[in-house]
Amino acid sequence: MGSDRLNVTQAVSLLCVFLCGNLTVTYGEMRSGGYAPLCFLASALGGVLPMALYAYILKFRQTGNIYDTVAVLFKKPFFIAFSIILILLAVVYGCLSLKMFTQMIGATALPNTPALLLAFCVCFVSAIMVKSGMNVAGKSAFVFLIFVCATLIITSLLTMSDINFKNLYDVFRFNGFIYDFIYFFCGTFCKTIIFIGAVSHIVGTKPVKKVIILGGALAVAIVTITMLRDILTLGSNVCAMLSFPSYYAVSAIKLFDFIQRIEVISTVNMLFCCIIEVAVCIYCVCIGISRLSKVPCAKNVALPVGLCFAGVSASLNIVDIKSVFFWF
């Protein structure tokens with residue numbers, strides 16, 4: 001059984017991959033047009049604020065995670081209510097992330113593959129990762145992060161011949177900018193809270209500050225470069241109509257006859273990020289259940305929770321999945 005202790009490198013990688021998540025592929029249908037990268041940069045405070053507040057609290061109360069922090073600082077009724085809300089939030093984000101992944105596979109690669117089978121495979125791997133220890137998730141996230149960064153750099157270089165900087169010149173739509181800002185802000189804010197609820201062994205103010213700065217900066221850089229690559233290649237109007245703009249931007253790459261289906265890279269990236277996203281959400285739920293029911297080991301319920309995630313995500317029937325993320 002692996003340890004749940006994470007060093008700074010593992011924690012940074014885990015936070016970065018978790019925050020990037022499906023945004024490396026499925027940030028599409030945006031309303032801010034060519035201003036989407038700027039909108040995302042402005043909304044990055046949604047992740048910085050809760051992490052900075054948590055680091056500040058750790059100066060005075062050295063607790064394991066946000067559940068323990070709330071239990072120490074507030075009375076029991078508030079702790080119970082907060083725990084239930086956080087568990088539901090983790091379930092919502094975990095299941096919607098799975099649904100996005102299965103929708104992408106169905107739309108681009110394997111249209112006849114049952115969604116339940118795909119969701120089960122991702123949840124099973126994620127649950128095993130949780131049971132093996134969060135340092136396993138941290139090590140895996142480090143490898144995934146290297147792969148995601150490498151493919152992002154390579155595909156960005158290969159699309160240089162197709163980019164058009166005129167695509168950045170767009171009419172500023174205030175309502176669209178605010179809509180996307182709130183969407184990105186709420187997403188990063190909620191996912192950061194889930195991360196703090198799941199990762200319980202980065203104790204101490206200095207390590208947490210390093211994780212905030214490095215993990216947040218890497219996540220923002222990866223998503224911003226991804227958006228710029230896709231907008232410069234496809235144009236903001238096309239990206240606004242696509243659910244998976246990165247997939248189609250990468251598919252436009254033409255490099256010799258022996259390179260085909262290079263857009264599969266986007267699918268692999270999302271698979272890696274989805275596994276990490278679901279693993280963190282599962283562990284956040286497991287810790288919450290453990291704190292509420294006083295179960296000795298939170299990881300004992302990882303597999304049942306994972307099966308629940310798979311079942312719920314496969315049964316979802318969502319047309320505008322971005323709107324659901326917006327409201328949660």
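Values reported hereafter were calculated over all heavy atoms of this structure, with side chains retained and with hydrogens, waters and symmetry mates removed.
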Query raised in the report: Minimum heavy-atom separation for Cys20 to Ala219, with atom names?
Result: SG-CA, 3.6 Å
Query raised in the report: Sub-3.5 Å donor-acceptor pair from the side chain of Ser126 to the main-chain atoms of Ile275, do we have one?
Result: yes
**Report entry** Straight-line distance of Ile287 CD1 to Ile66 CD1, nearest 0.5 Å
**Finding:** 11.5 Å
Requested in this report: Starting from the C-alpha separation in whole Å, work towards a yes-or-no answer on side chain to side chain contact (heavy atoms under 4.5 Å, CB included) for Phe185 and Leu49.
Outcome: CA-CA 10 Å; Phe185 182 91; Leu49 292 176; 4.3 Å; yes
**Report entry** hydrophobic_cluster_shared for Leu53 and Leu73, side chain cutoff 4.5 Å
**Finding:** yes
Query - Atom pair CG (Leu89) and CD1 (Ile84), whose distance is rounded to the nearest 0.5 Å - result: 13.5 Å
Query raised in the report: Do Tyr67 side-chain atoms and Phe79 backbone N/O form a donor-acceptor pair below 3.5 Å?
Result: no
Requested in this report: Would you indicate whether the side-chain heavy atoms of Leu14 and Phe142 approach each other to under 4.5 Å?
Outcome: no
Query raised in the report: Are the side chains of Val278 and Phe101 in touch, meaning some heavy atoms are under 4.5 Å apart?
Result: no
Requested in this report: Rounded to the nearest 0.5 Å, what's the gap from OG1 on Thr233 to CG on Asp230? Could you check?
Outcome: 6.5 Å
Query raised in the report: Taking all atoms of both residues into account, what is the closest heavy-atom pair of Ile212 and Ala52, and its distance?
Result: CD1-N, 3.7 Å
Requested in this report: Look at the side chain of Ser290 and the backbone N and O of Cys286, then say whether any donor-acceptor pair between them is shorter than 3.5 Å.
Outcome: no
Query - Single-linkage hydrophobic cluster Leu88~Ile196, side-chain heavy atoms < 4.5 angstrom - result: yes
**Report entry** Distance under 6.0 Å and angle within 45° of ring axis: Lys191 vs Tyr93
**Finding:** no
Query raised in the report: How many angstroms lie between SG in Cys273 and CG in Leu145, if you round to the nearest 0.5 Å?
Result: 8.5 Å
Query raised in the report: Looking at side-chain heavy atoms only, is the closest gap between Leu292 and Ile87 below 4.5 Å?
Result: yes
Query - Minimum-distance pair of heavy atoms, taken over all atoms of Ser132 and Asn135 - result: O-OD1, 4.3 Å
Requested in this report: Taking all heavy atoms of Lys131 and all of Leu303, pick out the closest pair and write down the distance.
Outcome: CD-CG, 4.0 Å
Query raised in the report: Is there a path from Phe189 to Leu86 through hydrophobic residues (I, L, V, M, F, W, Y) whose side chains come within less than 4.5 Å of each other?
Result: yes
Query raised in the report: Within a reach of under 6.0 Å around CZ of Phe82, are more than 12 heavy atoms found that belong to other residues, nucleotides or ligands?
Result: yes
Report task. Identify whether Phe120 and Val285 are in the same connected component of the hydrophobic contact network (ILVMFWY, side-chain heavy atoms under 4.5 Å). Result -> no
Query raised in the report: Does the side chain of Ser313 reach to within under 4.5 Å of the side chain of Leu96, using non-hydrogen atoms?
Result: no
Query raised in the report: Is there a side-chain contact between Pro37 and Ile231 (heavy atoms, below 4.5 Å)?
Result: yes
Query - Spacing of CE belonging to Met227 relative to CG belonging to Leu232, to within rounding of 0.5 Å - result: 13.0 Å
Query - Criterion side-chain contact (heavy atoms from CB on, under 4.5 Å) against Phe309, the qualifying member of Leu307, Val305, Val312 - result: Val305
Query - Polar contact flag, side-chain donor to acceptor under 3.5 angstrom, Arg291-Ser83 - result: no
Requested in this report: Going by the side-chain contact (heavy atoms from CB on, under 4.5 Å) test, name the single residue among Leu218, Val148, Val211, Leu214 that passes it with Cys16.
Outcome: Leu218
**Report entry** pair Ile154-Leu158: side-chain heavy atoms closer than 4.5 Å
**Finding:** yes
Report summary line: For Leu98 and Cys123, the nearest pair of non-hydrogen atoms, with its separation, is CD1-SG, 3.2 Å
Query raised in the report: Should the pair Phe144 and Phe272 be assigned to parallel (<30°), tilted (30 to 60°) or perpendicular (>60°) ring geometry?
Result: parallel
Query raised in the report: What pair of heavy atoms forms the shortest contact from Val17 to Ala141, and how long is it?
Result: CG2-O, 3.6 Å
Requested in this report: Nearest 0.5 Å please: distance from the NZ atom of Lys99 over to the SG atom of Cys274.
Outcome: 12.5 Å
Query raised in the report: Can you check side chain to side chain contact (heavy atoms under 4.5 Å, CB included) on Phe147 and Val268, steps first, answer last?
Result: CA-CA 9 Å; Phe147 182 83; Val268 176; 3.6 Å; yes
Query - Derivation of the side chain to side chain contact (heavy atoms under 4.5 Å, CB included) call for Ile282 and Met129 - result: CA-CA 10 Å; Ile282 286 176; Met129 189 177 291; over 6 Å; no
Query raised in the report: Can we call the ring centroids of Phe184 and Phe40 under 6.0 Å apart?
Result: yes
Query raised in the report: Is Val125 linked to Leu117 within one hydrophobic cluster, defined over Ile, Leu, Val, Met, Phe, Trp and Tyr using a side-chain heavy-atom separation of less than 4.5 Å?
Result: no
Query raised in the report: After noting the C-alpha distance and the side-chain angles of Val12 and Lys210, does the key distance pass the side chain to side chain contact (heavy atoms under 4.5 Å, CB included) rule?
Result: CA-CA 8 Å; Val12 167; Lys210 289 182 180 179; 5.6 Å; no
